[in-house]
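Down below is the structure, laid out as structure tokens.
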Amino acid sequence: MPDAERTALITGAIGGIGQALCSAFHRAGYRVIAVDRLHGNCQCDLFMQLDLQELCFDKERSAALLAKLHSAVEPSGLNVLVNNAAVQPLNSTEKITLDEWRQTLDINLTAPFLLIQGLLPALERVGGNVVNISSVHAIATKPAFVTYATSKAALGGLTRALAIDLGGRVRVNAINPAATATAMLLAGFVGKEAQFEELSRMHPVGRIAQPEEVASAALFLASTQADFITGASLNLDGGISVRLHDPG
């Protein structure tokens, strides 16, 4: 099936990586269904303003949300599901609230699983695949990222488990980006040029990632060129996850 006939559903579509994902898949000829809890601009054929945490509340609300998504992908089926939506509350261990913990796991882990489970018939019918946007925090983290790192590590485990359980029915892969030059990240470094340069130098390649690089990796994993890849987590991190930072 040529790309022009394919459908991609992308969550977290309004953020920096989400916008890049929508643009990349749209340029490749996919019919792009964009989902986000906020309204905003992205390159898509259909935008759906939905709060994915509703999948985790109760069966009735979950079924209603999945019914909307089924209606959007039919009758063509779903070739690619990109689970990109995420939250990242920062807090020290003793200050993490139960609400923070639950929201992070709901959106970063449970919602991706429920989307895969609920849209499985649409994926399987056309030999579709899933790309989970995880994080370098799945394998290496730092203080105050307890909830986020836990959710992303579990997302990597989910990726591997589903790849085995689904076998040849639906491929499931993940991408672990390091620091990425989204508008949100760059805004945090306004007036802090020295700190930004230090962050860039910490990556062996000498810079942080661009959103378009994450999108290109997702597009590759979703393509027929990656038909033999499943259960993989691609470290798109400029080498930072394998670098020691001890003195000398």
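Scope of the values below: all heavy atoms of this structure, side chains included, with no hydrogens, waters or symmetry mates.
Criterion: ILVMFWY side-chain heavy atoms under 4.5 Å apart, direct or through other members. Under it, Leu105 and Leu52 are part of a common hydrophobic cluster. Linking Ile, Leu, Val, Met, Phe, Trp and Tyr whenever their side-chain heavy atoms come within less than 4.5 Å puts Val35 and Leu114 in one cluster. No continuous path of hydrophobic side-chain contacts links Val126 to Leu69 [ILVMFWY only; heavy atoms under 4.5 Å]. Under the 4.5 Å side-chain heavy-atom criterion for ILVMFWY residues, a single connected hydrophobic cluster contains both Val82 and Tyr30. One hydrophobic cluster, built from ILVMFWY side chains closer than 4.5 Å, cannot hold both Leu21 and Leu185; they sit in different ones.
Counting only heavy atoms from C-beta outward, the side chains of Cys42 and Ile14 approach each other to under 4.5 Å. Between Ile229 and Leu221 the shortest side-chain heavy-atom distance falls below 4.5 Å. No side-chain heavy atom of Pro89 sits under 4.5 Å from any side-chain heavy atom of Asn91. A heavy-atom distance below 4.5 Å is not found between the side chains of Leu55 and Thr110. The shortest side-chain heavy-atom distance between Leu120 and Leu166 falls under the 4.5 Å cut-off. Using a 4.5 Å cut-off on side-chain heavy atoms (C-beta onward), Asn132 and Ile175 make no contact. For the pair Asn79 and Phe25, the minimum side-chain heavy-atom distance is 4.5 Å or more. Leu119 places a side-chain heavy atom less than 4.5 Å from the side chain of Leu9.
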(request) May I have the step-by-step check of side chain to side chain contact (heavy atoms under 4.5 Å, CB included) for Asn108 and Leu155, ending in yes or no? (result) CA-CA 7 Å; Asn108 297 7; Leu155 186 61; over 6 Å; no
(message) Using the rule given for side chain to side chain contact (heavy atoms under 4.5 Å, CB included), can you reason through Phe145 versus Leu90, listing the C-alpha separation, both sets of side-chain angles and the distance that settles it, and then say yes or no?
(response) CA-CA 6 Å; Phe145 281 79; Leu90 304 181; 3.5 Å; yes
(request) Mind running side chain to side chain contact (heavy atoms under 4.5 Å, CB included) on Gln43 and Val32 for me, showing each step along the way? (result) CA-CA 8 Å; Gln43 195 168 11; Val32 174; over 6 Å; no
(message) side chain to side chain contact (heavy atoms under 4.5 Å, CB included), that's the test. Do His26 and Asp45 meet it? Break it down for me.
(response) CA-CA 8 Å; His26 194 272; Asp45 299 279; 3.6 Å; yes
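Remark: the backbone N or O of Thr159 is not paired with any side-chain donor or acceptor of Asn173 at under 3.5 angstrom. Put simply, the side chain of Ser223 gets close to the backbone of Phe220: a donor and an acceptor are under 3.5 Å apart. Checked by atom type and distance alone, the side chain of Arg31 never pairs as donor or acceptor with a backbone atom of Ser76 at under 3.5 Å. Panel note: side chain Asp51, backbone Arg37; no donor-acceptor pair is recorded below 3.5 Å. Thr180 places a side-chain N or O within 3.5 Å of a backbone atom of Ala178 that can act as its donor or acceptor partner. The main-chain N or O of Val172 is found under 3.5 Å from a side-chain atom of Thr230 such that the two form a donor-acceptor pair. At least one donor-acceptor pair closer than 3.5 Å links the side chain of Arg243 to the backbone N or O of Met202. Here the side chain of Asp237 pairs no donor or acceptor atom with the backbone of Val136 at under 3.5 angstrom. A distance-only check finds no donor-acceptor pair linking the side chain of Gln49 to the backbone of Leu38 [under 3.5 Å]. No donor-acceptor distance shorter than 3.5 angstrom exists from the side chain of Asn176 to the backbone of Ser134, with no hydrogens or angles considered.
By the 6.0 Å contact criterion, CZ on Arg125 is enclosed, its count of non-hydrogen atoms from other residues, nucleotides or ligands being greater than 12. Applying the 6.0 Å contact sphere to CG of Leu98 captures more than 12 heavy atoms from other residues, nucleotides or ligands. Within 6.0 Å of CG on Asn41 lie no more than 12 heavy atoms contributed by other residues, nucleotides or ligands.
The line from CD of Glu212 to OG of Ser23 is 8.0 Å long, rounded to the nearest 0.5 Å. Rounding to the nearest 0.5 Å gives a distance of 10.5 Å between NE2 of His137 and CD1 of Ile139. Between Ile17 atom CD1 and Gln210 atom CD the span is 10.5 Å, to the nearest 0.5 Å. Note: Glu100 CD to Arg102 CZ = 12.5 Å, rounded to the nearest 0.5 Å. Taken from NZ in Lys152 to CD1 in Ile133, the straight-line distance is 8.0 Å, to the nearest 0.5 Å. With rounding to the nearest 0.5 Å, the separation of CD1 in Ile208 from CZ in Arg201 is 13.5 Å.
Classification of the Phe189-Phe196 ring pair by plane angle, with boundaries at 30° and 60°, yields perpendicular.
Heavy atoms only, all atoms of each residue included: Ala181 and Leu186 are closest at O-CD1, 4.0 Å. Of all non-hydrogen atoms in Pro121 and Gln117, the two that sit nearest each other are CD-O, 4.3 Å. For Ser233 against Gly156, the heavy-atom pair with the smallest separation is OG-CA, 4.4 Å. Nearest heavy atom pair, residue Thr182 against residue Gly16, reads CG2-CA, 4.0 Å. The two residues Gly12 and Asp36 come nearest to each other via the heavy atoms C-OD2, 3.2 Å. The two residues Gln53 and Gln103 come nearest to each other via the heavy atoms NE2-CA, 3.5 Å.
None of Ile33, Thr7, Val73 except one satisfies the side-chain contact (heavy atoms from CB on, under 4.5 Å) rule with Leu46; the exception is Ile33.
Salt bridge status for Arg207 with Glu213: present, with a side-chain N to carboxylate O gap under 4.0 Å.
Judged by distance alone, the side chains of Ser151 and Thr104 never bring a donor and an acceptor atom under 3.5 Å apart.
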